[in-house]
Participant: 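Handing you a structure now.
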Amino acid sequence: MCAVQGQGATCEETIAMSSLCPFAKATTGGVCPMKSDKKPDKSGGGAACPVTGKSHGSENKESGADRAAGEDGAEDPRVVPAKCPFGYDSNTFKLGPLSCMVCQALLHDASKCKPCSHKFCKACISRFKDCPLCGADIEGIEPDAELQALVDRFIDGHARIKRSLAGGDDQAAGGKSKVIYEDVSMERGAFLVQQAMRAFRAQNIESAKSRLSMCAEDIREELKSSEDNLDLCSQLGAVLGMLGDCCRTLGDAPSAITYYEESAELLSKLPKKDLELVHTLSVSLNKVGDLRYYGGDLQSARSYYARSLDVRRNSVKEHSAVASQVIDLATSLAKVADVDRNLGNEDAAVEGFEEAIKCLEKLKLDSEQASLEQRRRSVLDFLQKQLHDK
């Protein structure tokens, strides 16, 4: 096992959903899928996104209805609200008859408990001996194809109509205002990512993978007509990374590598101004390196670790004051050094470990950065141990 990967807190490339919230910054109307899962804090801080860990500030508070309203605050009568009548939209989510009460996402492989007839995802209920709702002994589980077909039809048609203001002529023939319908996959994409995250956290990985596959397919369709859209490319890269996480968790290393490599290929072509994009790109490269390492291909692993290291070096040159970037750089240096040691190149390994230690020793954090300080200390302890064990 890779020594760096095995240190837990010393390495950010664990099996978890990507750190980038792919729809949080969508210019076409997407929002963070978990932004409104909880009621807003009265202080105005808002709920934190579980993907980025960042609080949604005032710049994200404007709703679709607010944007559609005129300067006087009146809502434009030409547009049709996009809210789902059942409460299933990208901003909110209500548990209902189409939901699994275990993973709290839409049903996947809907199954019915016998004899109580309560319904859950197959993967979720298979972990129980008693019904989570009523406590009855589960004598058997049978598929509910009719309910699953209803869920699938709901997902397939969800959020395909989105309200939008048209530019230019806003009058239809006869002087009547025209209602604008627009096929935009971003709202649907944010909704699908929300469902995938819920399922992933509840360890229903097949459900998460299914939703993310739909999301990726939607974005690919959008890219056919907007191939130069940087937001779409960034979102697809992040979603592909999440699909890689699902495959890796399921033990399908070849598929995970395929998704991570495609994610890295997409993201590497984009401008490296966004730190979240840089982080997602470098993590995807490191995850391929980890899987190559576990497969015994040390030269290939080093190649991917080195590519990630280059990305992080360039980022630190432009953002030297960002502590998380410096810690990421030290982690990449440690990964490359660890492989060098295993390849028998001890001098290069020691040089890499020493450079990483210098980066972390020069990094000064204040009391408000306790979590980063803990991570810095953990990586530093590991690196010092590596030098001591040489």
Side-chain angles (χ1 to χ4, degrees), residues 14-18 21-22 33-34 37 50-51 86-88 90 92-158 188-218 238-260 263 287 291:
T14 53
I15 301 178
M17 283 293 183
S18 168
C21 185
M34 298 296 282
D37 258 14
V51 189
F86 297 104
Y88 294 93
S90 61
T92 59
F93 182 77
K94 298 176 182 177
L95 295 178
L98 303 184
S99 312
C100 172
M101 299 303 290
V102 176
C103 67
Q104 299 189 350
L106 289 175
L107 288 160
H108 180 261
D109 283 344
S111 299
K112 181 167 56 178
C113 295
K114 295 169 62 178
C116 67
S117 295
H118 286 128
K119 298 166 186 178
F120 308 89
C121 299
K122 181 179 179 181
C124 293
I125 195 58
S126 296
R127 300 196 293 265
F128 291 85
K129 295 182 179 180
D130 303 325
C131 175
L133 284 178
C134 66
D137 291 341
I138 298 176
E139 298 176 3
I141 300 172
E142 60 183 25
D144 192 329
E146 184 177 351
L147 177 58
Q148 188 59 53
L150 178 62
V151 174
D152 293 341
R153 287 198 301 273
F154 170 77
I155 294 175
D156 188 54
H158 187 270
R188 173 178 156 98
F191 173 78
L192 290 170
V193 168
Q194 178 203 56
Q195 297 301 303
M197 290 167 61
R198 287 173 176 268
F200 192 96
R201 284 197 297 266
Q203 300 180 18
N204 189 347
I205 310 303
E206 288 291 355
S207 175
K209 183 182 175 184
S210 172
R211 308 312 182 212
L212 291 169
S213 296
M214 293 180 192
C215 185
E217 182 180 348
D218 280 357
V239 170
L240 290 170
M242 293 179 181
L243 279 166
D245 293 337
C246 290
C247 292
R248 188 178 179 185
T249 304
L250 291 170
D252 185 359
S255 295
I257 289 174
T258 298
Y259 281 124
Y260 289 141
S263 171
K287 286 179 176 178
L291 291 170

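As the structure is a prediction and not an experimental result, all values here were calculated from the model.
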Participant: Nearest 0.5 angstrom please: Met101 CE to Lys119 NZ, how far?
Facilitator: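 With rounding to 0.5 Å, CE (Met101) is 14.5 Å from NZ (Lys119).
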Participant: So which atom in Ala123 and which in Arg127 form the shortest heavy-atom distance, rounded to 0.1 Å?
Facilitator: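 In terms of heavy atoms, the two residues are closest at O-NH1, 3.4 Å.
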Participant: Nearest heavy-atom pair of Gly241 and Tyr260: which atoms, and what distance?
Facilitator: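 Looks like O-CE2, 3.4 Å.
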Participant: Asp245 versus Lys287: any side-chain heavy-atom pair under 4.5 Å?
Facilitator: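 SC-SC contact between Asp245 and Lys287 confirmed.
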Participant: The test is side chain to side chain contact (heavy atoms under 4.5 Å, CB included); show your working for Thr249 and Phe200 and say whether it passes.
Facilitator: CA-CA 10 Å; Thr249 304; Phe200 192 96; 3.8 Å; yes
Participant: Taking atom SG of Cys124 and atom CD of Gln104, what is their separation to the nearest 0.5 Å?
Facilitator: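 Rounded to the nearest 0.5 Å, the SG-CD separation comes out at 10.0 Å.
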Participant: Is the shortest heavy-atom distance from the side chain of Val239 to the side chain of Leu192 under 4.5 Å?
Facilitator: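 SC-SC contact between Val239 and Leu192 ruled out.
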Participant: Passes side chain to side chain contact (heavy atoms under 4.5 Å, CB included), Glu206 versus Asp109? Steps please.
Facilitator: CA-CA 9 Å; Glu206 288 291 355; Asp109 283 344; 5.8 Å; no
Participant: Distance from Asn204 atom CG to Cys121 atom SG, nearest 0.5 Å?
Facilitator: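 Rounded to the nearest 0.5 Å, the CG-SG separation comes out at 5.0 Å.
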Participant: Side chains of Ser213 and Glu217: does their closest heavy-atom pair fall under 4.5 Å?
Facilitator: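 Ser213 does not reach Glu217 side chain to side chain.
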Participant: Step by step, work out the side-chain hydrogen bond (donor to acceptor under 3.5 Å, both in side chains) result for Gln148 and Asp144.
Facilitator: CA-CA 6 Å; Gln148 188 59 53; Asp144 192 329; over 6 Å; no
Participant: Would you say Glu142 has more than 12 foreign heavy atoms packed within less than 6.0 Å of its CD?
Facilitator: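 More than 12 heavy atoms, drawn from other residues, nucleotides or ligands, come within 6.0 Å of this atom.
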Participant: Quick one: closest heavy-atom pair of Cys246 and Ile205, and the distance?
Facilitator: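 Closest pair (atom of Cys246, atom of Ile205, distance): O-CG2, 3.5 Å.
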Participant: Could you walk me through whether Leu133 and Phe120 satisfy the side chain to side chain contact (heavy atoms under 4.5 Å, CB included) test, starting with their C-alpha distance in whole Å, then the side-chain angles of each, then the deciding distance to 0.1 Å, before giving a yes or no?
Facilitator: CA-CA 10 Å; Leu133 284 178; Phe120 308 89; 3.9 Å; yes
Participant: Any chance you could measure Leu240, atom CG, to Leu212, atom CG, to the nearest 0.5 Å?
Facilitator: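 The CG atom of Leu212 is 9.5 Å from CG of Leu240, to the nearest 0.5 Å.
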Participant: Please find the pair of heavy atoms, one from Arg211 and one from Gln195, that lie closest to each other, and give the distance.
Facilitator: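 Closest approach of Arg211 to Gln195, heavy atoms only: CG-CB, 4.1 Å.
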Participant: Identify the two heavy atoms, one from Phe128 and one from Ile138, that lie closest to each other, and give their separation to 0.1 Å.
Facilitator: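 Here Phe128 and Ile138 meet closest at O-CD1, 3.8 Å.
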Participant: Calculate, to the nearest 0.5 Å, the distance between atoms CG and CD1 belonging to Leu106 and Ile155 respectively.
Facilitator: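 Taking CG in Leu106 and CD1 in Ile155, the distance rounds to 5.0 Å.
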Participant: So, for Ala199 and Ala105, which heavy atoms are closest and what is the spacing to 0.1 Å?
Facilitator: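 Closest heavy-atom pair between Ala199 and Ala105: N-CB, 4.3 Å.
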Participant: Enter the distance from Lys209:NZ to Leu250:CG here, rounded to the nearest 0.5 Å.
Facilitator: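 So the NZ of Lys209 and the CG of Leu250 are separated by 6.0 Å.
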